[in-house]
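Residue numbers start from 1 in every chain, and the chains themselves are labelled A, B, ... in the order their sequence lines are given, proteins ahead of strands. Just so it is clear, the values below take in all heavy atoms, side chains as well, and ignore hydrogens, waters and symmetry mates.
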Amino acid sequence: MPLSKPKISALTTRLLIWYDQHGRDLPWRIKGGQKPDPYHVLVSEMMLQQTTVATVKNYYSKFLQQFPTVRALARAEVETVLQTWAGLGYYRRAKLLHACAQTLVTEHAALWPQTVEGLKKLPGLGAYTAGAMAAIAFHQPVAAVDGNVERVISRLHGLTQPPKDNIKKIAALTQALVPQKRAGDFAQALMDLGATVCTPRHPACGRCPWAAACVAHQKGLQEKIPAKVAKKKPRSCYARAYVLRDQHGKIYIEQRPHTGLLANMWALPMGPWEEEGYQHTPPIKAQWRRVEGQVSHIFTHLRLYVEVMEARISTPPQLNGQWLSAPALEKLGWPKLMQKIFHHWRQAA
DNA sequence: AAGACGTGGAA
DNA sequence: TTTCCAAGTCT
């Protein structure tokens, strides 16, 4: 049952008042009705996709220091961008962000589209990010429906289906709440409410500005809504990683394939990731010695066990990757899996 | 249109 | 240890 206009207006007002008092201070957030730099908003939104605020804080400033403007980002090599992104995960985002900057500069003369439809055409911007950009950066009165908002709105209206089965309805219900003024603050307020009050587990209804109107709260269903979807366990995979050193002690690394896990990231050579057992497929023939123990790493859909092999050679053959000294190696950014493998190897040595 | 795609922190 | 999940997008 849709809410009446006066009720919507009251909810919106109450949330904005709550936001003024309790909204979080975040590095990428501008308070007081100023328009933030759209590029800053984009960088933060891309980083925040499926990633916690605490984690993003460690990368956001560093990234902007390295690429201060959208033109600087567009000029940069994608490899440099991936380096700066290393450790943050979901590396496709870095490539998409880079492609977005290039598209904006080359096809839009560095002028931002300000509508959701225009923004959605840019690489990396889906329904959520386009809405967030339109509302936060351009003050368009549109909704930005992320996981927080799905949860808050599902509870407010007492929707018992899993949000993903209901996404159009949730989007419409959210849009109905968006004020003509302060749409950017409203979008961020709704997400803050979800992140700090209307949390997935044990929501703090006592502190919620919407508790009086919340159907889930009235029915005592706040812990049951939104409905949970069973998740599959990650399957296990096994692979070997190869630490190859030349006569100077330099280590051989290469780029991962451009698709799949850790795509385009620098990495040690690895054999295929198999579901039963470790295949021995070294980059070259040599006296390979197994390093004791193993490394385990969990991706979203994969649990990977890695055996580390090492060898020294005196005359390096022609290979496609790079040979790096230990200091140079440490200066590069690495995916966490590679950090673990290096650490394991150094400890055993 | 399910599944791929990283990582870290909390319970 | 395991499970959940955090400002999603792309294919």
Side-chain angles (χ1 to χ4, degrees), chain A residues 23-24 26-29 40-60 82 85-97 99-100 119-137 143-153 162-165 167 170-171 174 184 186-196 198-202 223 226-237 256-265 267 273 296-304 333-340:
Chain A
R24 293 173 291 181
L26 300 171
W28 47 87
R29 180 172 286 177
H40 294 181
V41 178
L42 181 64
V43 170
S44 68
E45 291 300 340
M46 292 295 289
M47 287 188 170
L48 285 161
Q49 289 171 7
Q50 297 290 281
T51 307
T52 58
V53 164
T55 301
V56 169
K57 280 182 179 173
N58 299 326
Y59 284 81
Y60 175 75
L82 283 167
W85 201 273
L88 190 52
Y90 284 153
Y91 299 102
R92 185 171 49 177
R93 292 180 295 173
K95 288 197 271 186
L96 288 166
L97 178 56
C100 178
L119 287 159
K120 249 184 109 167
K121 290 180 186 156
L122 294 169
L125 282 77
Y128 163 73
T129 307
M133 283 289 290
I136 298 169
V145 181
D146 74 332
N148 286 306
V149 176
E150 290 175 6
R151 182 174 59 255
V152 172
I153 298 300
K164 300 301 179 195
D165 298 348
I167 195 65
I170 291 172
T174 310
F186 181 81
Q188 296 177 89
L190 207 41
M191 291 188 280
D192 272 23
L193 188 69
T196 65
C198 194
T199 47
R201 286 174 286 202
H202 316 307
E223 304 266 3
K228 286 169 194 143
V229 185
K231 280 167 190 163
K232 289 177 191 165
K233 280 190 180 173
R235 69 180 198 275
S236 292
C237 278
R256 307 263 324 150
H258 73 282
T259 57
L261 273 160
L262 312 180
N264 291 88
M265 301 301 289
W273 303 13
S296 82
H297 188 74
I298 299 175
F299 299 101
T300 304
H301 60 292
L302 208 63
R303 177 187 291 267
L304 180 67
W334 295 96
K336 292 297 167 184
L337 171 63
M338 287 303 143
Q339 293 180 26
K340 284 188 188 177

For atom [atom1] of [X] and atom [atom2] of [N], their distance in whole Å:
| X | N | atom1 | atom2 | value |
| --- | --- | --- | --- | --- |
| E150(A) | dA6(C) | CD | C1' | 12 Å |
| K121(A) | dC10(C) | NZ | C1' | 18 Å |
| K233(A) | dC4(C) | NZ | P | 9 Å |
| L48(A) | dC5(C) | CG | P | 19 Å |
| E223(A) | dC5(C) | CD | P | 12 Å |
| K95(A) | dG8(C) | NZ | C1' | 17 Å |

Closest non-hydrogen atom pair between V229(A) and P162(A), with its separation
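Heavy-atom minimum between the residues: CG2-CB, 3.8 Å.
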
Between P234(A) and R303(A) the two heavy atoms that sit nearest each other are CB-N, 4.0 Å

Rounded to whole angstrom, note down the P distance from dT11(C) over to dG6(B).
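My reading of the P atoms in dT11(C) and dG6(B) gives 14 Å.
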
At less than 4.0 Å, is any side-chain N or O atom of K231(A) found next to OP1 or OP2 of dC5(C)? Yes or no.
yes

By the 4.0 Å heavy-atom rule, please label [X] as base, sugar-phosphate, or nothing.
| X | value |
| --- | --- |
| S44(A) | nothing |
| W85(A) | nothing |
| R151(A) | sugar-phosphate |
| A127(A) | sugar-phosphate |
| L97(A) | nothing |

So for atom NZ, which belongs to K120(A), do other residues, nucleotides or ligands contribute more than 12 heavy atoms lying within a distance under 6.0 Å?
no

Nucleotide-resolved protein contact map, nucleotides 4-11 of chain B, B/S/- at heavy-atom distance under 4.0 Å
BBBBS---

Pick the nucleotide of DNA chain C nearest each of G124(A) and D146(A); which residue has the one closer to the 5' end?
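The 5'-side residue here is D146(A).
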
Please work out whether the ring planes of W273(A) and F299(A) are parallel, tilted or perpendicular, with thresholds of 30° and 60°.
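Parallel.
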
Could you tell me whether a side-chain N or O of Q339(A) sits under 3.5 Å from a main-chain N or O of W334(A), the two making a donor and an acceptor?
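Yes; judged by distance alone, with no hydrogens or angles, the pair exists.
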
Indicate whether the side chain of Y128(A) and that of Q49(A) have a donor and an acceptor atom separated by less than 3.5 Å.
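Checked: Y128(A)/Q49(A) side chains show no N/O donor-acceptor pair below 3.5 Å.
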
Going by ring pair (Phe, Tyr, Trp, His ring centres under 6.0 Å), name the residues that satisfy it together with H40(A), two or more places apart in sequence or in a different chain.
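H40(A) satisfies ring pair (Phe, Tyr, Trp, His ring centres under 6.0 Å) with no residue once adjacent residues are dropped.
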
So which nucleotide from dT2(C), dC5(C), dA6(C) ends up closest to the side chain of K228(A)?
dC5(C)

